[in-house]
Structures are given as C-alpha cells and as structure tokens.
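I have placed the structure first, in the form of structure tokens, so that the comments after it can refer back to it.
We use all heavy atoms of the structure for the numbers below, so side chains are in, but hydrogens, waters and symmetry mates are not. Predicted model only: the values in this text are computed from it and were never measured.
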Amino acid sequence: MISPPLATPTRQVPTTATQYADIGALQPQRVLDWYAGAARDLPWRHSGVSAWAVMVSEVMLQQTPVVRVLPMWTAWMARWPSPAALADDSPAEAVRAWGKLGYPRRAMRLHAAAQQVVTRFAGNVPSAVEDLESLPGIGAYTARAVAAFAFSARTPVVDTNVGRVLARAVHGRAQAGPSVAAADRAKMELLLPAEPARAAVFSVAVMELGALVCTAAAPDCPACPIRPDCAWQLAGAPAHAGPRRRSQRFEGTDRQVRGLLLDVLRTTSEPVSIGDLDGAWADGAQRNRALDSLLLDGLVGQLTDGRFVLAGERTDTSPAIMEL
DNA sequence: GAAGCGTGGTC
DNA sequence: TGACCAAGCTT
C-alpha cells in the first residue's frame, strides 16, 4: 500500500531519519484539527479552572473511567475548592468522599499532597514537574499533566493512551510494550509544537485520540485523522505479537477483601468492632490479613479500645488513635 | 521490573 | 461469561 502524496504544505522538514519516521506518522496539525472538532467537553478542561482542580481530576482519572470521575470531581470541587480546604479536613473524610472510585489510597495521598502544598508551597499547587513529582501520589505522568494542562508547560505528557497511539502510528505495533514511558516521552518531545500552550493542547489531543478513536480493543480507524500515515495501518494492522498481558483477577483476592472492609468503615461514622467486620468476609485469616494491610497502608486506624475507624477520623468522643 | 492496589463496564 | 480494560503510583 502506498500512502497518498501529502497535500499539506505545513509539514515540517525532518532533519534526521529518526525524526522523519516520528513526524511522518503523527502530524500535530492533523491531530489538533481533529481535536478541535471531536474533543469532549470535560469540566476540568474549561478555561479558568484552577491548578488544584486539574490536579484532583488527574489523580481521580488514574486507572478510572471519565464517566465515573465526573460526579466525584464536581462534588470534591464544591466541598474542597483549594488545597487548604482539603488539608483542613480529615484524611478520613477524603477517603469517605472518594466513595467507590477505587484505589482509595489515592484519596489518602491526595489529602497528604494537599497538606504539603500548604506547608511547602504556601497553598499554591507548584508548577515545576520536579516539585509536583515530590508530592504523594503524583508520579511521572500526573506531574507532567498538571504542569502542561494547568500551567501550559511545554512538557511531554505520556499516559497509556499516548503510549498506544505511538505504538501504532509510529512503530506499527498493535500494543505498547511495558515500561516504555520514558522513551515515549523523548519521542513526544520531538513532536511538541514550539509554543507551550499549543504543545499542551497537542498532548491532550493525542490522549483524546487514544481514548476515543485509537482505543485498545476496537480502534475506530475510519474516523482517525492520521490513518493515512499510521505505521500500523500501513503494515496491515498486524495483531499483537508479544506475550499476552497477565490479566489481573479480582474475585477472592485480598484486594477484594480490602475493598469490602473499607466499604464498612466508609459507610458509618461510628467506630467499628472486629465483630462488625466479620460479616464482610467469611475467611477470618484472609480478613485479618487484609485488615492488617489496611492498617499498614494508613487507610484504617485503630482506637485504644480496639475498634477501627478510617485513618485520621476525628472522633472527639473516642480514645486517641494508636500510632501503628 | 514485576507485583499489588478497587471498582464497574463492555463484548 | 469471563477476560479485558479504564488519564498510574509505589515498593
């Protein structure tokens, strides 16, 4: 198959063979034009949204679909419009308000991050990637996402969507390989438009392309703006060649038991006895193991009378929480 | 680098 | 229907 001659006069002139391959496959202008017409209207993308609001959205979106984040983000922004507001509340309330978003350690770390923003950065979410990465629960992706989307920093933002788009469009492979984020960031850096604000939009546009069109299971290639240049398409859309990813089971794991135990503690404002947790899971040994891990993670605290509460719960009628 | 960490939707 | 998947982080 021969790709058609390029009609766009704006194509950048590559200076090396490597750049030629990258630029040829993923032209920023085409992705930007597509994004202008296809982007979802998500509230954290609105102009004037605070860096804190962007940061909360990014943490909530870690491994969690947009449709489930939307109502939680709205509620969090109404209740805790600033890092100081969250820091002034208890970690237990953060975990409780996290509801069933999943990975509740994110709520605890977000609360800890808010406290550090207050103590280390005068209550202002920092704009430097290095400072952002120093906060609990903020890793390589989230730090760059906040820097780019809240502060218009010209920095490559690579998530699972971008990784998959690069794997297909640039490398001609069906899936992204494991642990290639650093290499993908280097590739994206070559592609970023020179103007920082435009670079940030390009990043979110590639993410959106991966989320809406270049999806994992069933990509909608006819709707793709870069289909004519996609290396995977030009190679005939070969199936994934490597080893199959280990699928993560959930039923019967400690993970499930932790979730059930936490659900009990989240639903009540009263301290809970070990007997009240018996009903959450029949296997006592596994229940105790899960409970221990929750205590170790700091998600659950134990009162001096032996009962359990969400960590950091403010219980003025109860004995002080024991330090683990 | 692999494993652990929630929850629910999809095909 | 069960395997896969969803804007990762930490150890």
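A salt bridge between D263(A) and K100(A) is present, with a side-chain N of the basic residue lying under 4.0 Å from a carboxylate O of the acidic one. Look at E270(A) and R307(A) and you find no salt bridge, because none of the NZ, NE, NH1 or NH2 atoms lies under 4.0 Å from a carboxylate O. Contact check on E195(A) versus R154(A) returns no salt bridge, with no Lys/Arg side-chain nitrogen under 4.0 Å from an Asp/Glu carboxylate oxygen.
To the nearest angstrom, P of dA7(C) lies 12 Å from CZ of R106(A). Nucleotide dG6(B) holds its C1' atom 14 Å from the CE atom of M108(A), rounded to whole Å. Atoms CG (D297(A)) and C1' (dG6(B)) sit 13 Å apart, rounded to a whole Å. Here the C1' atom of nucleotide dC5(B) and the OH atom of Y103(A) are 5 Å apart, to the nearest Å. Look at CG on L42(A): it is 16 Å from P on dA6(C), rounded to the nearest Å. In this entry the distance linking CD of E251(A) with P of dG6(B) reads 15 Å, nearest Å. Remark: P of dG8(B) and CG of L70(A) are 17 Å apart, rounded to the nearest angstrom. Atom-to-atom, CG of L101(A) to P of dA7(C) comes out at 15 Å; the value is rounded to the nearest Å.
Residues D263(A) and R109(A) both approach DNA chain B. Their nearest nucleotides, taken by heavy-atom distance, put R109(A) toward the 5′ side. Position along DNA chain C of the nearest nucleotide to P65(A) versus A143(A) favours P65(A) as the more 5'-ward residue. In terms of position along DNA chain C, the nucleotide closest to G210(A) lies nearer the 5' end than the nucleotide closest to the other residue of the pair G210(A) and L135(A).
T142(A) comes within 4.0 angstrom of sugar-phosphate atoms only, judged by non-hydrogen atoms across all strands, and of no base. At the heavy-atom level, G102(A) lies under 4.0 Å from base atoms of the strands shown. Within the nucleic acid shown, A140(A) comes within 4.0 Å of sugar-phosphate atoms alone, with no base atom in reach, counting heavy atoms only. When heavy atoms are screened at a 4.0 angstrom cut-off, P178(A) is found touching no nucleic acid atom at all. Note on W98(A): nothing from the nucleic acid sits closer than 4.0 angstrom, heavy atoms only. Using a 4.0 Å heavy-atom criterion, one finds that R289(A) contacts no nucleic acid atom at all. Within the 4.0 angstrom heavy-atom criterion, no nucleotide atom of any strand lies near L110(A). As judged by a 4.0 angstrom heavy-atom cut-off over every strand, A217(A) is placed among residues making no nucleic acid contact. In this structure, R45(A) reaches the bases: a heavy-atom distance under 4.0 Å links it to at least one base atom across the strands shown. Nucleic acid contact for L262(A): none, since no nucleic acid atom lies under 4.0 Å from a heavy atom of the residue.
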Do S134(A) and R120(A) pass the side chain to side chain donor-acceptor pair (under 3.5 Å) test, and can you show the C-alpha distance, the side-chain angles, and the key distance before you say yes or no?
CA-CA 11 Å; S134(A) 76; R120(A) 296 170 51 203; 2.9 Å; yes
Please test R258(A) against D297(A) for salt bridge (charged side-chain N to carboxylate O under 4.0 Å, His left out), starting from the C-alpha separation and ending with a verdict.
CA-CA 11 Å; R258(A) 283 167 55 105; D297(A) 282 353; 2.8 Å; yes
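Look at the C1' atom in both dC5(C) and dT1(C): the space between them is 16 Å, to the nearest Å. Here, dG1(B) and dG8(C) have their C1' atoms 15 Å apart, quoted to the whole Å. Between dG6(B) and dT11(C), the distance separating the two P atoms is 14 Å to the nearest Å. When the P atom is used for both dA3(B) and dA7(C), the distance is 22 Å, rounded to whole Å.
Under a 3.5 Å cut-off, the side chain of R168(A) and the backbone N or O of Q233(A) do not form any donor-acceptor pair. Between the side chain of D89(A) and the backbone N or O of L86(A) there is no donor-acceptor pair closer than 3.5 Å.
Phosphate contact (OP1/OP2 of dG8(C), side-chain N/O of Q62(A), threshold under 4.0 Å): absent. The shortest distance between the side-chain N/O atoms of S293(A) and the OP1/OP2 oxygens of dG4(B) is not below 4.0 Å. Using a 4.0 Å cut-off, some side-chain N or O of R164(A) falls inside it from OP1 or OP2 of dA6(C).
For R255(A) against dG4(B), no side-chain N or O and base N or O form a donor-acceptor pair under 3.5 Å. Judged by distance alone with a 3.5 Å cut-off, a donor-acceptor contact links the side chain of R68(A) to the base of dT7(B). Within 3.5 Å, a donor on the side chain of T64(A) pairs with an acceptor on the base of dG6(B), or the reverse.
The L61(A) side chain lies nearest to dA7(C) when the options are dC5(B), dT7(B), dA7(C). Checking dT7(B), dG4(B), dA7(C) against every side-chain atom of R105(A), the shortest atom distance belongs to dG4(B).
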